[in-house]
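Notes follow the structure.
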Amino acid sequence: MLTLVGVAEHCVAGRPDPALASSKPENATDSAPPLLQQFEHFISHPPAIQNLVFAKKIPMNGGALPLDGSFARSTRFDYFQATWQTNGILFRELTSPFAVTNDAVAGELVGWSGHRHALVEPNGNFTTWDDRDPSVAGKDISVFYTARFLLQPLQEVVNLGIMYGGTGQIRWRRNQFRVEREADHQRLVIMGSLVVGGGGRPRAMRVRYAFPHMTNDYVVRYGYTPPLEYPFLPTVMTNFWVRNGGRGPSEMELDQWRILNLQIAPRAMNPDAFAFARFEAARGWQRRIYTNGAIYDVRTNGALHLVYNLPAAGAPLIPRAREMPLAFYAGWAVMNLTIFALMVGAKEKKQQNNEKPITTL
């Protein structure tokens with residue numbers, strides 16, 4: 001299962017590791033380390049992020065990702081904002097890149113502040129839970145699963161284009177890395193190497209994703225215009241699936257991310273930085289609570305109404321009154337879309353052997 005972005009990773013006794021509040025590499029001197037070293041350190045030891053606004057390219061006509069090469073011509077983007085550190089998250093989809101100063105949410109939100117967690121699903125359900133609740137431990141229920149999927153855009157941006165890599169899990173050796181993860185209950189080995197360009201910054205990263213029955217190659221190409229405050233970080237990350245032979249172009253664009261604004265926090269932030277109560281007050285969502293192994297609606301008088309019980313860990317989810325959260329399936333779609341692209345590549349190899357406008361803030 002993919003790990004929730006930043007949850008408990010690099011925490012010491014429930015507190016954030018102070019070293020993560022800085023992007024300065026270990027053993028670095030007072031002089032700035034090379035840009036390549038800072039780039040690698042950002043992925044391996046991501047700092048506390050006070051504000052991140054980024055855009056994700058989406059298909060021009062909506063719907064599923066086209067695999068005919070036309071995605072590269074799209075000029076539509078979704079926009080997101082995040083505040084992040086290893087023990088706190090506030091991540092929301094924006095109605096526009098200019099909505100960062102208001103409480104608008106375009107369909108989804110994931111929050112974690114202190115012991116309280118929140119998820120707003122695209123269908124408008126607003127579910128909260130407390131990680132001190134004993135019924136939470138060991139569960140892999142729909143709201144947790146959906147939260148992990150909705151956080152994938154943030155994870156890929158913090159990893160500068162690496163899919164499924166976990167946050168802070170990559171370790172470099174001579175500008176290369178190898179990490180083992182679990183994705184969709186499958187063992188996944190990810191290997192990558194950097195291609196260094198002029199000025200000592202990476203211009204690309206070659207990445208191989210090896211599942212048990214298929215292996216495919218990608219290349220992430222980096223752009224640095226317009227520049228960020230941090231010159232070692234790219235502004236644009238474009239992910240191409242590499243076709244090894246066959247008909248058509250050798251590379252197909254499947255993803256593009258654009259960092260519009262980034263502010264690294266000078267030190268670890270307190271839980272107030274991730275508070276999500278103001279969004280609930282402004283939006284009037286249907287409130288739900290996960291507690292005692294069940295999902296409850298919160299009525300206007302504060303009373304709890306049982307929606308459905310949740311089974312023991314490992315058992316299938318059986319919703320009450322045939323009510324299954326739609327975002328659970330949406331999460332599956334997000335995950336399997338990329339895996340589908342990988343499978344297309346595997347199928348082609350087998351056949352060969354047998355025979356919204358972007359706005360800059």
Side-chain angles (χ1 to χ4, degrees), residues 1-5 43 59 63-72 140-142 144-153 155-156 159-173 176-195 204-221 237-257 313-317 327-355:
M1 188 58 57
L2 294 173
T3 303
L4 178 63
V5 177
I43 294 176
L65 179 71
L67 296 177
D68 59 0
S70 62
F71 178 70
D140 189 25
I141 65 170
S142 59
F144 301 164
Y145 205 66
T146 302
R148 285 195 291 269
F149 276 115
L150 295 183
L151 287 169
Q152 281 188 14
Q155 187 177 51
E156 291 189 30
N159 275 333
L160 303 181
I162 302 171
M163 298 184 293
Y164 314 130
T167 305
Q169 301 297 302
I170 305 297
R171 295 295 179 267
W172 298 90
R173 182 179 177 84
Q176 300 180 356
F177 74 87
R178 182 184 186 278
V179 63
E180 293 190 19
R181 304 287 294 167
E182 183 177 301
D184 202 23
H185 301 291
Q186 296 186 73
R187 177 176 176 267
L188 170 63
V189 177
I190 310 173
M191 295 166 283
S193 61
L194 290 173
V195 180
M205 182 191 301
R206 302 187 186 281
V207 189
R208 171 166 290 178
Y209 300 90
F211 287 90
H213 304 294
M214 59 182 175
T215 298
N216 276 266
D217 296 319
Y218 280 69
V219 59
V220 184
R221 302 197 182 281
M237 297 164 282
T238 308
N239 194 12
F240 296 88
W241 166 43
V242 179
R243 295 171 177 259
N244 296 314
R247 302 174 182 174
S250 60
E251 296 181 355
M252 179 183 294
E253 181 182 329
L254 293 182
D255 261 321
Q256 186 179 98
W257 312 93
L317 176 65
F328 178 74
Y329 296 111
W332 269 103
V334 172
M335 171 73 167
N336 289 323
L337 183 62
T338 306
I339 290 181
F340 174 71
L342 294 169
M343 292 175 66
V344 170
K347 182 177 180 181
E348 287 196 353
K349 290 180 182 179
K350 183 175 180 181
Q351 290 175 341
Q352 292 168 21
N353 294 333
N354 295 335
E355 162 216 341

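We count residues from 1, following the sequence as given. Note: hydrogens, waters and symmetry copies are ignored here, and every other heavy atom, side chains too, is used. The shown structure was predicted, so the numbers you read here are calculated from the model rather than taken from an experiment.
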Derivation and outcome, side-chain contact (heavy atoms from CB on, under 4.5 Å), residues Phe240 and Leu254: CA-CA 6 Å; Phe240 296 88; Leu254 293 182; over 6 Å; no
Just verifying a value: how many Å separate [X] [atom1] and [Y] [atom2], rounded to the nearest 0.5 Å?
X      : Y      : atom1 : atom2 : value
Asn216 : Met214 : CG    : CE    : 7.0 Å
Glu251 : Thr238 : CD    : OG1   : 10.5 Å
Met252 : Leu67  : CE    : CG    : 6.0 Å
Arg181 : Ile170 : CZ    : CD1   : 8.0 Å
Arg243 : Trp241 : CZ    : CH2   : 4.5 Å
Glu156 : Met163 : CD    : CE    : 6.5 Å

Quick check against the 3.5 Å criterion: does [X] have a side-chain atom that pairs as donor or acceptor with the backbone of [Y]?
X      : Y      : value
Tyr209 : Met191 : no
Asn159 : Gly166 : yes
Asp68  : Ser70  : yes

Trp257: partners by ring pair (Phe, Tyr, Trp, His ring centres under 6.0 Å), with sequence neighbours left out: none
Residues which pass ring pair (Phe, Tyr, Trp, His ring centres under 6.0 Å) with Phe177, listed by chain and number, not counting sequence neighbours: Trp172
Under the side chain to side chain donor-acceptor pair (under 3.5 Å) test, residues paired with Ser193 that sit two or more places apart: none
For Glu180, side chain to side chain donor-acceptor pair (under 3.5 Å) partners two or more places apart: Arg178, Arg187
Set of residues satisfying side chain to side chain contact (heavy atoms under 4.5 Å, CB included) with respect to Ala72, sequence neighbours excluded: Glu253
Would a 4.5 Å heavy-atom cut-off, applied to side chains only, mark [X] and [Y] as touching?
X      : Y      : value
Met205 : Val195 : no
Gln155 : Thr167 : yes
Arg208 : Tyr218 : no
Phe71  : Leu65  : yes

Derivation and outcome, side-chain contact (heavy atoms from CB on, under 4.5 Å), residues Val207 and Ile190: CA-CA 7 Å; Val207 189; Ile190 310 173; 3.6 Å; yes
Residues in salt bridge (charged side-chain N to carboxylate O under 4.0 Å, His left out) contact with Arg206, at least two apart in sequence or another chain: none
